Amino acid sequence: SSDLRVVMSLHLLGLRVRPVWGVDRGPARLGFERGEFNVNVDSAPGFVRSSRQMITEGKAVPLFTFGIEDAKGQLVRDPVFPDVPTYLEAYQQVHGRPLDGIERRVWFALFQQAIMTNKYMALPAATPDVIVEVYRAAFRKVITDPQSSAKVAPVLEGYDQVIGPEGDAIVKNASALPTEVTTWIAGWLRANYKVDLR
């Protein structure tokens with residue numbers, strides 16, 4: 001679940017939250033607005049549409065965004081929220097040191113899964129290359145054509161799209177979790193939430 005990256009991120013910051021699992025973003029946001037939850041997470045469009053007003057009114061404070069990985073593999077600020085620190089910036093502000101070691105590897109693995117591969121499309125592995133390229137060409141046309149891009153902009157949330165080998169590499173990184181990462185996550189869930197992944 002994408003909730004895992006949020007709860008683990010808050011845990012690594014030292015915030016001992018009591019998560020309510022499985023609540024959809026809309027009801028969770030309303031609960032936050034009513035004061036039933038004291039921490040909330042939103043997608044970019046959900047935030048822009050529904051939560052930004054709370055910050056403008058001084059009723060909420062943005063802690064961080066997860067950021068975006070650039071072409072050089074560096075985590076940079078979310079282009080939709082350039083004034084809000086990334087999670088790694090927030091972590092360093094809280095702890096006075098960068099996130100490192102196994103915890104950084106685990107965090108980046110969940111970040112890759114939930115952020116960098118958000119809304120991706122895949123074809124079966126046996127799809128002929130010529131068909132794959134037809135799909136890639138169609139998507140390139142959609143995101144570069146002014147009329148089409150205007151229609152898909154609300155879905156893409158203002159983020160650049162990656163097509164082709166670069167996108168393949170992102171999906172591969174997100175789906176091939178090292179054993180040390182899955183072992184750490186399993187141990188963390190068992191210790192903190194009595195969840196056994198076996």
Side-chain angles (χ1 to χ4, degrees), residues 1-9 24-26 28-29 40-53 55 62-91 98-99 104-179 181-182 185:
S1 169
S2 63
D3 291 340
L4 179 62
R5 75 182 150 89
V6 176
V7 174
M8 185 178 293
S9 294
D24 290 337
R25 296 289 14 108
R29 187 183 308 112
N40 186 43
V41 63
D42 248 321
S43 65
F47 176 86
V48 170
R49 185 175 54 251
S50 303
S51 298
R52 179 173 277 164
Q53 186 67 24
I55 291 170
L63 298 176
F64 58 83
T65 70
F66 287 97
I68 296 291
E69 189 175 13
D70 68 12
K72 298 178 182 176
Q74 300 298 311
L75 190 77
V76 297
R77 288 194 175 188
D78 189 316
V80 178
F81 309 105
D83 297 330
V84 180
T86 67
Y87 177 77
L88 294 183
E89 289 177 285
Y91 184 95
L99 179 64
R104 183 182 177 99
R105 290 192 291 279
V106 167
W107 187 86
F108 253 99
L110 296 178
F111 163 80
Q112 288 279 352
Q113 288 183 334
I115 303 297
M116 295 307 295
T117 58
N118 191 357
K119 297 179 179 70
Y120 82 92
M121 180 178 176
L123 296 170
T127 304
D129 290 345
V130 66
I131 302 298
V132 171
E133 192 47 46
V134 167
Y135 273 90
R136 288 177 174 171
F139 279 109
R140 287 186 192 102
K141 186 173 181 179
V142 167
I143 64 175
T144 57
D145 175 73
Q147 189 174 9
S148 297
S149 60
K151 291 180 180 178
V152 299
V155 176
L156 300 181
E157 303 171 358
Y159 298 104
D160 291 335
Q161 301 305 295
V162 180
I163 300 171
E166 187 181 345
D168 296 343
I170 292 170
V171 172
K172 184 176 180 180
N173 287 341
S175 58
L177 295 182
T179 301
V181 167
T182 56
I185 292 172

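In this text, all values refer to a predicted model and were calculated from it rather than measured experimentally.
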*Asks:* In Å and rounded to the nearest 0.5 Å, what is the CG to CD1 distance from Leu4 to Ile185?
*Replies:* 6.0 Å

*Asks:* Can you list every salt bridge (charged side-chain N to carboxylate O under 4.0 Å, His left out) pair that touches residues 125-137, not counting sequence neighbours?
*Replies:* Glu133-Arg140, Arg136-Asp168

*Asks:* So which atom in Ala90 and which in Pro85 form the shortest heavy-atom distance, rounded to 0.1 Å?
*Replies:* N-CB, 4.5 Å

*Asks:* For Thr86, is there any backbone N or O sitting under 3.5 Å from a side-chain donor or acceptor partner on Arg77?
*Replies:* no

*Asks:* Quick one: CZ on Phe111 to CZ on Arg104, what's the gap to the nearest 0.5 Å?
*Replies:* 10.5 Å

*Asks:* Of all the heavy-atom pairs spanning Arg29 and Asn40, show the shortest one and how long it is.
*Replies:* CA-ND2, 3.9 Å

*Asks:* Residues in side chain to side chain contact (heavy atoms under 4.5 Å, CB included) with Leu123, at least two apart?
*Replies:* Met121, Thr127, Val132, Tyr135

*Asks:* Rounded to the nearest 0.5 Å, what separates atom CD1 in Ile143 from atom CD1 in Ile163?
*Replies:* 3.5 Å

*Asks:* Just by distance, do the side chain of Asp24 and the backbone of Gly26 share a donor-acceptor pair under 3.5 Å?
*Replies:* no

*Asks:* Taking only residues two or more places apart in sequence or in another chain, which ones pass side chain to side chain contact (heavy atoms under 4.5 Å, CB included) with Ala114?
*Replies:* Arg5

*Asks:* Under a 3.5 Å distance rule, please check whether Arg25 uses its side chain to pair with a backbone N or O of Asp42 as donor and acceptor.
*Replies:* no

*Asks:* Leu75 versus Phe108: any side-chain heavy-atom pair under 4.5 Å?
*Replies:* yes

*Asks:* Mind checking what makes ring pair (Phe, Tyr, Trp, His ring centres under 6.0 Å) contact with Phe64, not counting sequence neighbours?
*Replies:* Phe66, Tyr87

*Asks:* Taking all heavy atoms of Ile115 and all of Gly67, pick out the closest pair and write down the distance.
*Replies:* CG2-O, 3.6 Å

*Asks:* A side-chain contact here means heavy atoms from C-beta on lying under 4.5 Å apart; do Leu88 and Trp107 qualify?
*Replies:* yes

*Asks:* If the condition is side-chain hydrogen bond (donor to acceptor under 3.5 Å, both in side chains), which residues does Gln113 pass it with, not counting sequence neighbours?
*Replies:* none

*Asks:* Apply side chain to side chain contact (heavy atoms under 4.5 Å, CB included) to Thr65 and list each qualifying residue two or more places apart in sequence or on a separate chain.
*Replies:* Asp78, Phe81, Val84

